[in-house]
Chemist: 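Quick one: the structure is below, and I'll ask about it shortly.
Model, not experiment: these values are computed from the prediction. Each chain gets a letter, A, B and so on, in the order the sequences are listed, and its residues count up from 1. These values consider heavy atoms only, across backbone and side chains, with no hydrogens, waters or symmetry-generated copies.
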Amino acid sequence: MPELPEVETVRRGLAPAMEGAIIARAQVNRPDLRWPLPERMADRLTGRRVTRLGRRSKYLLADLDDGQTLIVHLGMSGRMQVSGIRIGIFHHDHPAPAKHDHVVLHMDTGARITFNDARRFGAMDLAPTRELDSHWLIRDLGPEPTGNGFSEGYLAARLRGRMTPIKAALLDQRIVSGLGNIYVCEALHRAGISPLRKAGRIAPARVAALVPVIRDILAEAIDAGGSSLRDHRQADGQLGYFQHTFRVYGRENAPCPTDGCGGTVRRVVQSGRSSFYCPLCQR
DNA sequence: ATGTGTTCCTGTCCGC
DNA sequence: TGCGGACAGGAACACA
């Protein structure tokens, strides 16, 4: 499900309920998600104060006061929802336990953080905070697309000589981390680049143009609270609304929204995943 | 090294 | 209303 904007949206919603609060009780309802959960996870979380809730790529990172960090990935269908706190004038009551509520953190403030993941492609691990950069899930990640490391020069260098389609290259988390199927489709449309084009065969000026396009689209999506198709919810349960601005994703056979283009959005499957694009204005 | 297809799991939707 | 198949926002893994 979630790509960088959805994870960042969730992080922002969870932070007020988690940062500074103590995990009074960690409820772990099954031994595994995509992989086994950490050994004795409930014991190791109980009594710990969350000092900071960060994010790297699509990973949420909850730093704890004992030098460990809880790493959380939402996979395709994962949600992290907060209850038992007041947001503005609204009080979010605790919901009834639901199917696929795999981990629940009961905070000492009365807040509750529920990790629900039907498909169980999500993951959690615990690792020393100072060793996070060398953690096997983190170490090979490319730069954050919103950061300085993701520059026109960097991207050009990473794409040079690559015969793989640009679609696959942008989905490769080692090249740039945080993009997924939706935002790659949308960014390529805005940049006028076909998802089928070989990554190493894009004119330098067009590669350069891709960088600000990706930055802008992610920033806009975060502002909109992410994109809610099936699973994504903000931490307070609200829907994101960036999906209403999709130009091509999920719009097979719709007219291309580019001014004066007149093309029709097509869907093709690339390495097992749908790509939506306009064959007229994306070359 | 690089590129591609398969796999994990559950839920939903669509056509018959 | 039921049933089968396609498809879903991710990404590790096996293999050519």
Chemist: For nucleotides C:dC3 and B:dC9, find the distance between their P atoms and express it as a whole number of Å.
Modeler: 23 Å
Chemist: Applying the 5.5 Å / 30° rule, does A:F121 stack onto the base of C:dA11?
Modeler: no
Chemist: Strictly below 4.0 Å: does A:K58 bring a side-chain N or O up to OP1 or OP2 of C:dA11?
Modeler: yes
Chemist: Are OP1 or OP2 of C:dA8 and a side-chain N or O of A:R273 less than 4.0 angstrom apart?
Modeler: no
Chemist: Among A:R52, A:R56, A:R49, A:R48, exactly one meets salt bridge (charged side-chain N to carboxylate O under 4.0 Å, His left out) together with A:D63. Which residue is that?
Modeler: A:R52
Chemist: At under 4.0 Å, does any side-chain N or O of A:H100 touch on OP1 or OP2 of B:dT10?
Modeler: no
Chemist: Would you tell me if any nitrogen or oxygen in the side chain of A:S274 comes within less than 4.0 Å of OP1 or OP2 on C:dC7?
Modeler: no
Chemist: I'd like to know if the side chain of A:Q27 reaches the main chain of A:H106, judged simply by a donor and an acceptor atom lying under 3.5 Å from each other, with no hydrogens or angles considered.
Modeler: no
Chemist: Between A:Q270 and A:A168, is there a donor-acceptor pair closer than 3.5 Å when you use the side chain of the first and the backbone of the second?
Modeler: no
Chemist: Using a 4.0 Å heavy-atom cut-off across all strands, classify A:R174 as base, sugar-phosphate, or nothing.
Modeler: nothing
Chemist: Strictly by Watson-Crick or wobble contacts shorter than 3.5 Å, is anything paired with B:dT2, and which nucleotide is it?
Modeler: C:dA16
Chemist: So, the side chain of A:D117 versus the backbone of A:G75: is there a donor-acceptor pair under 3.5 Å, distance only?
Modeler: no
Chemist: Determine: side-chain N/O of A:R162 to OP1/OP2 of B:dG3, distance under 4.0 Å, yes or no.
Modeler: yes
Chemist: Can you check whether any acceptor in the base of C:dA8 is under 3.5 Å from a donor in the side chain of A:R119, or vice versa?
Modeler: yes
